[in-house]
Amino acid sequence: MDTGSKDFARRRALLATLLAGIGAVLTGAALYPVWRFLAPRKGAEAQDQVALSRDQVPLGGAHFFNFRGRPAVVLQTRAGHFTAFSAVCTHLGCVIQWQAAEQRFLCPCHAGLFSAEGAVLGGPPPRPLESLAVSLRDDQILVG
Ligand code: FES
């Protein structure tokens, strides 16, 4: 083999190595966001429970908060009795509002109505509000 064809073969191998490296970097850059999306979050269990102060929820009132990245609400319907729900309407996903005078939830999008227990009272929502687990510890309300 002459010198020219050896140089050509070395350049060809170098170019192939460079292209393979660039391909590997681009593949990694494309797959990393997918992996981040699918991989379980660190400390996800700890974030699954939200602690609220009892003072934040007046008797007959509601307190809205974020639960697992979505709107939620906790009510105190009787003294010391707390219930929590997803604040996302089961019709098309609008955020419900608490009507203290009527002791019910109103969905402002299509006038869906829910009771203080989350049951559908009227309008288009097909299902009750999603109920969330509530426990009490000292002066805190733990949701989730
Ligand atoms: S989104 Fe709530 S009633 Fe339609």
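In each ligand, atom 1 is the first atom listed, and ligand 1 is the first ligand listed.
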Practice problem: Decide side-chain contact (heavy atoms from CB on, under 4.5 Å) for L136 and L142; before the verdict, give the C-alpha distance in whole Å, the side-chain angles of both, and the deciding distance to 0.1 Å. | Solution: CA-CA 6 Å; L136 302 176; L142 304 175; over 6 Å; no
Quiz item: Hey, mind stepping through C94 and C109 against disulfide (SG to SG under 2.5 Å) and telling me if it holds?
Solution: CA-CA 6 Å; C94 292; C109 291; 1.8 Å; yes
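Partners of R78 under the salt bridge (charged side-chain N to carboxylate O under 4.0 Å, His left out) rule, at least two apart in sequence or in another chain, do not exist in this structure.
Judged as a side chain to side chain donor-acceptor pair (under 3.5 Å), the pairs with a partner in residues 117-144 (not counting sequence neighbours) are, in order, S115-E117. Every pair passing salt bridge (Lys or Arg N to Asp or Glu O under 4.0 Å) that includes a residue from residues 10-25 is listed here, sequence neighbours excluded: D7-R10.
Sorted by chain and number, the protein atoms of type N, O or S within less than 2.8 Å of atom 2 (Fe) of ligand 1 are C89 SG, C107 SG.
Taking the six-membered ring where the residue is Trp, F65 and H63 present parallel rings, their angle staying beneath 30° rather than reaching 60°.
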